[in-house]
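Sharing a structure below in structure tokens format, with a few things to ask.
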Amino acid sequence: MIRSFAMFAIAAAALAQTTPIAFTGARLIPISGPEVPNGVLVVQNGKILAAGPAGSATIPAGAQRVDASGKIIMPGLVDSHSHIMGPEGADGSAALQPDVRILDSLDVRDSRLQKAQSGGITVANVMPGSGHVLSGQTLYLKLRDGRVIDDMLIRLPDGSIAGGIKMANGTNPRRAAPFPGTRGKTMAMARDLFIKTQEYRDKVRAAGGDKSKLPPRDLRYEALIDVLDGKRAVQHHTHRHDDILSVLRLAKEFNFRVVLQHVSDAWMVADEIAAAKAPVSLIVIESPGGKLEAKDNSLASAAALEKAGVLVGFHTDDGILDSRLFLRSAALAVRAGMSRDKALYGVTMANARMLDLESRVGSLEAGKDADFILLSGDPLSVYTKVLETWVDGVKVFDRSNPKDRLYQTGGYGSADRQSALHLHGGEEDHR
Amino acid sequence: MRYALMLAFAAGAFAQNIAVKGDTVHTAAGAPISNGVVLIRDGKVERVGPASQVQIPAGFQTLSAKVVTPGFVDAHSVVGLSGYQNQPQDQDQVERSSPMQPELRAIDAYDPNEKLVEFVRSLGVTTLHTGHGPGILVSGQTMIVKTRGNSPEAAVMVPVAMIAATLGDGARESQPGRSPGTRGKAIAMLRGEFIKAQDYADKLAKAEKGKEPPRDLRMEAFARVVKGELPLLVTVHRANDIISAIRLAKEFNLRLVLDGVAEAPMVLEEIKASGYPVIVHASQHRSDGDAENISFETASKLRTAGIPFALQTGYEAYVPKTRVLLWEAGIAAANGLSFDQALASITIDAARILGIDKRVGSLEPGKDGDLAMFDGDPFEYTTHCTGVVIEGKVVSSEKR
């Protein structure tokens, strides 16, 4: 099985590197501009060479041509909050654990990865849970066919790994000691950690590169220096209107960039969110309740935030929502008053911006990563199917392949029981 | 009987005479009607047909919509018992003091003013099969209600519809020493109770007046199951557990309704041969536990196999607290069912499996005047439900 994985990776990489591929005849939804009824998309070396109306782009000689007439091509979907591949972050020993990386926990053989690909998702912010004030370091992943987790990481220009910090307030982190018992205590514990991080950072700065003057290494504070320096964002779970404001207050005090996550009561405090210029990664839940903090959630939040001028993205929170139905979040937002353009922006470019990846993914523009999907129809229609998903110029999902289709529809063999069998000595490669 | 009578009075008092015009009227009883009209008099459908043939009588309130469908029938839900706040005080769908409590009545727990009742009604559901839920061997009774009324009595159509049971991992008691702890034990416990219930029913039937055995609420409820008066609704997902349910039902000649059945595609022949109907899982039911092999195509595969089925929203333990029936049907329609088949699975086919098709499930003369209105294809996420009528009364007019 490992051998076949490796062969696949090599073959795919070779294809992506050498032959340009031109998709013609499709309706393009580039996100960065108006929809193109008869478009052409050219990709090579894992990048987009050209995307635009037929005739506007030169198709290189020797390019492989793919007739995509009758189909829709749009950027790969970016999910700004997911729990696929079994992320395990902080444990029960403390309420704030910034030293814990989910990097050290993910299972790339989890069938939910294939399911997410079959839903058109090409980038996901995979996070630890919300039962802690701070549950660890998240990963912004490319949903490539990984053999090991390293195959899916996104490297930043300085060589570090793309990701954020996961925090939460409200009821989820409220538990028996050592966890906070009240909302006031939750915020006090968070503030205390950031103050200590400031002190640690100041000591590092004062050392001026002199190793003998550095404070003893502390993984907890080390992880948060990038947050204080604005290099990484805090991805903050929050639901109730007053909890949302608490997050904004915290971010302002310590001058860090925050992405508000879930934000059930967003419609109540849209103006305050807009004034703070905080982006919102919204969960679109079809019915009210399920937990006290979500009792007032409303499909109308997306439209209210759009009206207030807030950057709005959507997320699956997989397994709360199913990655295979991610486009439905945009559609339900439109049902409740959001514009079509902003709704489609919300599953692509808005999330790319929230993950600091807007220069690489989220739209069909020359020079960007060749992450795109082919759809059978309008992205907001319940009847539409994701036909193909491409990451970095490599096809990672193809509905016409029965094995791939199984992940998209479900059925015997689509679940982890089966992938576990494969892992433990089964002879069949499931990807 | 008494319930039905009260209902009739209540309905008569408030019913209006309404004409509903639709660019398309889906009746669930034949081809869709273009430019159609539904006349509702005294709460009942009087006529359905093209506008050219149906005159709207004077004094009728007239409504119109792009698309008109029968009011939806949710074949299995826990709305009204499992509240939207999901806190201990509003969760009445499972009682954990004992693994088998068929005597628990739904009517003693149903809250017609629960927020989710209004919510599902605003998206077209007019009839709910609700009650005690899955998650324990035998949780209690279910009932059928209309999604209106200020009291359970005003809402109820059928006060005792089925006895709800669960097989497979969902029936397993997690605390050590409590039964059932295994699949084998669960079936053994049910067989033991059914044998006792047969004895109880026999004694009752043979006893001289005044010498009947002492009343036993549990045995009374199980006796109705073994006598075939009440269906046993068995929530079950794994293929071998589906077969166990069928084996059990055949042994005691039960009226079985299979519920959930994520792995039905693996045992279609056996289900078909059994003759039992299926209330299939919500399309979005999560892939986990016994249901790990669940598929968006289960409904379509049941259809192809010729097995009678209806769609449900089921039970949700967390967020979202309830699924939305028409969107579950929409996903089924996107995964192998035709529009008409998907619509039937939440209207007439559901009514048939629940035994209430003489009253609801289609727009035909003499049936209850229950319908829903839409501004486009009801299954599309971007279409809105623009109104809902129950027995001639507009119960929702907000655009949702």
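Letters A, B, ... are given to chains in the order of the sequence lines, protein chains preceding strands, and every chain is numbered from 1.
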Practice task
Output yes when R405(A) and E297(B) qualify as a salt bridge under the 4.0 Å nitrogen-oxygen rule, no when they do not.
Solution key: yes
Exercise for the section: Give a yes or no on whether the backbone of G410(A) and the side-chain of N293(B) come within a donor-acceptor separation of less than 3.5 Å. Expected result: no
Handout entry: Check: A334(B) main-chain N/O paired with K385(A) side-chain donor or acceptor under 3.5 Å
Key = yes
Exercise for the section: Could you look at D377(B) and say if it's the side chain, the backbone, both or neither that has a heavy atom under 4.5 Å from chain A? Expected result: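 Just the side chain, heavy atoms under 4.5 Å.
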Problem - Exceeds 12 heavy-atom contacts within 6.0 angstrom, atom CZ of R303(B) - result: no
Problem - Q87(B) portion near chain A, given a 4.5 angstrom heavy-atom threshold - result: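 For Q87(B), the contact with chain A is made by the side chain alone.
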Problem - Heavy-atom proximity to chain A below 4.5 Å, by part of R400(B) - result: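 The backbone, not the side chain.
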Exercise for the section: Return yes if some donor-acceptor pair links the side-chain N/O of R286(B) with the main-chain N/O of G319(A) below 3.5 Å, else return no. Expected result: yes
Handout entry: Toward chain A, the part of I331(B) with a non-hydrogen atom under 4.5 Å
Key =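 Both parts, heavy atoms under 4.5 Å.
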Handout entry: Part of K301(B) within contact of chain A (heavy atom distance under 4.5 Å)
Key =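 Interface part for K301(B): neither.
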Practice task
Measure Y318(B) against the heavy atoms of chain A and call it side chain, backbone, both or neither at under 4.5 Å.
Solution key: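 Contact with chain A involves both backbone and side-chain atoms of Y318(B).
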Problem - Under 4.5 Å from a heavy atom of chain B, the part of Q408(A) involved - result: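 For Q408(A), backbone heavy atoms alone lie under 4.5 Å from chain B.
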Handout entry: Under 4.5 Å from any heavy atom of chain A - which part of T322(B)
Key =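 Answer is both: backbone and side chain atoms of T322(B) are under 4.5 Å from chain A.
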Handout entry: Contacting moiety of Q85(B), where chain A heavy atoms sit under 4.5 Å
Key =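 For Q85(B), backbone and side chain are both near chain A.
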Handout entry: Close side-chain approach of P288(A) and F119(B), heavy atoms under 4.5 Å
Key = yes
Handout entry: Distance, nearest 0.5 Å, that separates OG of S283(B) from CG of D322(A)
Key =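 Taking OG in S283(B) and CG in D322(A), the distance rounds to 11.0 Å.
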Exercise for the section: Could you walk me through whether V334(A) and Y381(B) pass the side chain to side chain contact (heavy atoms under 4.5 Å, CB included) test, one step at a time? Expected result: CA-CA 8 Å; V334(A) 169; Y381(B) 298 131; over 6 Å; no
Practice task
For the pair K295(A) and K115(B), evaluate side chain to side chain contact (heavy atoms under 4.5 Å, CB included) and give the outcome as yes or no after the intermediate values.
Solution key: CA-CA 10 Å; K295(A) 73 182 175 62; K115(B) 183 167 180 161; over 6 Å; no
Problem - Expected output: side-chain N86(B) to main-chain G290(A) donor-acceptor under 3.5 Å - result: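 Flag set: sc N86(B) to bb G290(A) pair under 3.5 Å.
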Handout entry: Structural part of L325(A) lying under 4.5 Å from a heavy atom of chain B
Key =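 It is the side chain, since no backbone atom gets that close.
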Practice task
Spell out, as yes or no, whether a donor-acceptor pair under 3.5 Å connects the side chain of T382(B) to the backbone of R335(A).
Solution key: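 Checking the backbone N and O of R335(A) against the side chain of T382(B), no donor-acceptor pair under 3.5 Å is found.
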Fill in the blank from the handout: Smallest heavy-atom separation, I294(B) atom then S414(A) atom, equals O-OG, 4.4 Å
Handout entry: Pairs of heavy atoms under 4.5 Å with chain B: top-ranked of R324(A), K115(A), K291(A), E286(A)
Key = E286(A)
Fill in the blank from the handout: Of I285(A), L299(A), L292(A), N297(A), the largest count of non-hydrogen pairs under 4.5 angstrom with chain B goes to L292(A)
Practice task
May I ask you to check whether over 12 heavy atoms, not counting those of E269(B), lie within 6.0 Å of atom CD?
Solution key: no
Problem - Gap between atom OG of S381(A) and atom CZ of F379(B) - 0.5 Å precision - result: 12.0 Å
Practice task
Tell me, with the steps shown, if E380(B) and Y383(A) meet side chain to side chain contact (heavy atoms under 4.5 Å, CB included).
Solution key: CA-CA 8 Å; E380(B) 284 289 15; Y383(A) 302 111; 3.4 Å; yes
